[in-house]
2 protein chains.
Amino acid sequence: MQPDQPVRTGRAKRLPRAVRERQIMDAAVDVFSRLGFHAASMDEISEVAGISKPMLYAYLGSKEELFATCIRREATVMMEAIANGIEPDQPPDVQLWSGLRAFFGFVGENRASWQVLHRQASSQGGPFAAELAEMRGRAVNLVAALLVHATKTQDVPSASEQEAESLAAALVGAGESLADWWLDHPDEPAGVVASRLMNLVWMGFGDLVQGNIWHPPSKRP
Amino acid sequence: MQPDQPVRTGRAKRLPRAVRERQIMDAAVDVFSRLGFHAASMDEISEVAGISKPMLYAYLGSKEELFATCIRREATVMMEAIANGIEPDQPPDVQLWSGLRAFFGFVGENRASWQVLHRQASSQGGPFAAELAEMRGRAVNLVAALLVHATKTQDVPSASEQEAESLAAALVGAGESLADWWLDHPDEPAGVVASRLMNLVWMGFGDLVQGNIWHPPSKRP
DNA sequence: AGGTGTACCTACTCACCAGTAGATTACTTG
DNA sequence: CAAGTAATCTACTGGTGAGTAGGTACACCT
């Protein structure tokens with residue numbers, strides 16, 4: 001959350017283009033996340049960014065281009081955060097756990113990013129949703145691969161690609177919407193939310209109601 | 001999905017108020033679901049409804065009132081569908097199963113309703129999200145009660161209210177977002193989607209990768 | 001210092017849309 | 001069949017916001 005720039009009067013200090021572009025993007029993510037695409041005005045974005053509207057257009061083009069650019073940037077940053085968080089060469093449950101922790105960690109520290117990325121992008125139709133769908137696709141592939149790998153280490157008929165992918169989609173969806181839910185209940189720490197989802201999707205209610213809990217490896221005997 | 005009314009010219013046929021109101025609401029749900037709250041215009045809604053704008057205002061008030069009314073109507077209809085679908089006096093897993101089937105059944109046959117209800121309402125802030133949150137609260141309570149009941153029949157320390165409620169929230173969230181995902185993959189039948197979520201949340205990946213599947217009672221030995 | 005290009009601004013235009021005023025038509029009931 | 005009233009229309013206003021035209025100041029190089 002960017003602190004509101006003090007009300008600017010007169011000319012802004014000269015800055016190199018790259019720096020201004022970053023400032024503008026930050027402001028745009030902030031405003032889009034608070035107001036949504038349509039209700040956000042280019043006037044407000046330029047004001048928050050501390051510059052005038054023509055700068056906005058000169059640097060980042062139309063409102064739609066700006067929004068798409070925001071989505072791409074935030075999506076890339078997030079996917080990198082998750083990819084860096086996963087520990088390969090670990091058993092599937094641990095990989096899933098580290099991925100979930102990285103995901104909720106990112107969302108917790110970049111609420112505006114998540115808001116613009118998920119809620120806004122998916123509720124505007126068209127090219128924006130497509131942008132988002134592509135990123136979700138990458139996430140689903142990640143999880144699906146993990147699942148297939150998990151079944152391969154067992155001596156059961158490995159799940160079909162189709163089956164794995166749809167389960168992965170369900171899990172990714174659960175993560176997305178739990179993150180949305182979390183936005184409205186911000187008091188819980190990230191680790192707790194991540195651990196709840198981990199237990200839900202790895203153990204299932206069937207186990208949980210019998211008191212069987214999943215623990216991270218450090219707590220295993 | 002309402003078929004577009006043919007382009008209307010001249011006066012619409014006189015109809016009693018109640019009927020017109022229904023037509024208008026149907027049109028509003030259609031347009032809101034396609035375009036979102038802000039991008040939807042009262043002109044377009046009135047056109048799809050086959051009447052002129054002043055009628056809209058005379059019957060349903062302002063744009064915001066209209067939208068809120070849509071949300072309330074659709075939410076009520078959906079909750080009733082689910083409540084009617086659940087079979088009480090059955091074991092917890094069967095109750096959950098029937099609830100999921102009812103939910104996905106409703107979404108499948110009322111895609112526009114779901115879109116306006118979930119995607120649109122949650123991405124507009126303010127009173128709309130509150131309206132939605134209240135309905136989600138009812139759903140969460142339903143599931144949480146079911147969970148608490150399930151643990152009570154076991155001889156384990158029953159989960160805390162807090163724990164049960166957040167797990168319920170996760171499940172409801174998973175359902176919401178799986179429904180969203182389903183909007184973009186409409187080829188799957190409702191039963192299949194419902195069954196996937198059932199397996200995921202009841203059995204968990206941990207069981208699924210070992211080939212343990214949940215079956216509805218009719219297939220049990 | 002003077003020139004050159006880039007960062008930056010004020011002040012508009014134009015389109016679109018929520019909401020309304022005031023007139024008009026068609027059922028319905030005595 | 002004439003009121004009376006409910007349903008409906010056409011045609012406007014006012015405000016807001018995307019996008020732009022045309023100009024000003026600052027920094028750096030020579």
Side-chain angles (χ1 to χ4, degrees), chain A residues 5-28 30-32 34-70 120 124-128, chain B residues 5-28 30-32 34-70 120 124-128:
Chain A
Q5 246 83 357
V7 179
R8 192 178 53 85
T9 39
R11 208 154 258 266
K13 199 178 160 213
R14 270 175 86 95
L15 286 179
R17 175 164 182 156
V19 176
R20 270 283 181 252
E21 276 186 354
R22 263 208 60 164
Q23 286 184 0
I24 295 176
M25 297 275 292
D26 290 344
D30 177 35
V31 174
F32 280 136
R34 289 200 327 264
L35 305 179
F37 175 72
H38 249 93
S41 76
M42 295 296 261
D43 282 294
E44 172 148 8
I45 293 173
S46 68
E47 191 176 333
V48 171
I51 48 133
S52 68
K53 204 152 51 124
M55 293 297 305
L56 212 53
Y57 282 89
Y59 284 173
L60 293 165
S62 72
K63 189 184 185 186
E64 296 206 344
E65 285 176 71
L66 173 60
F67 189 53
T69 307
C70 286
Q120 292 310 324
Q124 311 302 327
F128 306 140
Chain B
Q5 246 84 359
V7 179
R8 192 179 52 85
T9 40
R11 237 172 165 76
K13 202 181 156 211
R14 269 175 86 96
L15 286 178
R17 173 164 185 155
V19 176
R20 271 281 181 252
E21 276 186 356
R22 261 207 62 162
Q23 285 184 358
I24 295 177
M25 298 275 292
D26 290 343
D30 178 34
V31 174
F32 281 135
R34 288 201 327 266
L35 303 178
F37 174 72
H38 251 94
S41 76
M42 296 297 262
D43 283 292
E44 173 149 7
I45 292 173
S46 69
E47 192 176 333
V48 171
I51 48 132
S52 68
K53 205 150 52 121
M55 294 296 307
L56 211 51
Y57 282 89
Y59 283 172
L60 277 317
S62 71
K63 189 183 185 185
E64 297 207 345
E65 284 176 70
L66 172 59
F67 188 54
T69 307
C70 286
Q120 291 312 324
Q124 311 302 328
F128 307 140

Rounded off to whole Å, could you give me the [atom1]-to-[atom2] distance for the [X] and [N] pair?
X	N	atom1	atom2	result
B:Leu60	C:dG19	CG	C1'	15 Å
A:Glu21	C:dC8	CD	P	11 Å
B:Leu56	C:dT20	CG	C1'	13 Å
A:Tyr59	C:dC9	OH	C1'	13 Å
A:Ile51	D:dC26	CD1	C1'	17 Å
A:Met55	C:dT10	CE	C1'	14 Å
B:Glu44	C:dC16	CD	C1'	13 Å
B:Arg17	D:dT5	CZ	P	17 Å

Would you tabulate the pairs of protein nitrogen or oxygen atoms and nucleotide nitrogen or oxygen atoms of nucleotides 26-30 of chain C closer than 3.5 angstrom?
| from | atom 1 | to | atom 2 | distance (Å) |
| --- | --- | --- | --- | --- |
| C:dA26 | N3 | B:Arg14 | NH1 | 3.3 |

If every non-hydrogen atom of [X] is compared with every non-hydrogen atom of [Y], which pair is closest and at what distance?
X	Y	result
A:Ile24	A:Ile51	CD1-CD1, 3.7 Å
B:Phe32	B:Ala40	CD2-CB, 3.7 Å
A:Glu64	A:Phe128	O-CE2, 3.8 Å
A:Met42	A:Tyr57	CG-OH, 3.4 Å
B:Cys70	B:Ala28	SG-CB, 3.7 Å

Flag the pair [X] / [Y] as yes when at least one side-chain heavy-atom distance between them is below 4.5 Å, and no otherwise.
X	Y	answer
B:Met25	B:Leu60	yes
B:His38	A:Phe37	no
A:Val48	A:Glu44	yes

* Asked: For B:Arg17, does the CZ atom have more than 12 heavy-atom neighbours from other residues, nucleotides or ligands under 6.0 Å away?
  ->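 Check passes, neighbour count above 12.
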* **B:Arg20 side chain near D:dT8 phosphate (N/O to OP1/OP2, under 4.0 Å)** =>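 Yes, B:Arg20 has a side-chain N/O under 4.0 Å of OP1/OP2 on D:dT8.
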Atom pairs under 3.5 Å: protein N/O with N/O of nucleotides 18-20 of chain D:
| from | atom 1 | to | atom 2 | distance (Å) |
| --- | --- | --- | --- | --- |
| D:dA18 | OP1 | A:Ala40 | O | 3.2 |
| D:dA18 | OP1 | A:Lys63 | NZ | 3.1 |
| D:dA18 | OP2 | A:Met42 | N | 2.8 |
| D:dA18 | N7 | A:Lys53 | NZ | 3.4 |
| D:dG19 | OP2 | A:Tyr57 | OH | 3.2 |
| D:dG19 | OP2 | A:Lys63 | N | 3.1 |
| D:dG19 | N7 | A:Lys53 | NZ | 2.6 |
| D:dG19 | O6 | A:Lys53 | NZ | 2.7 |

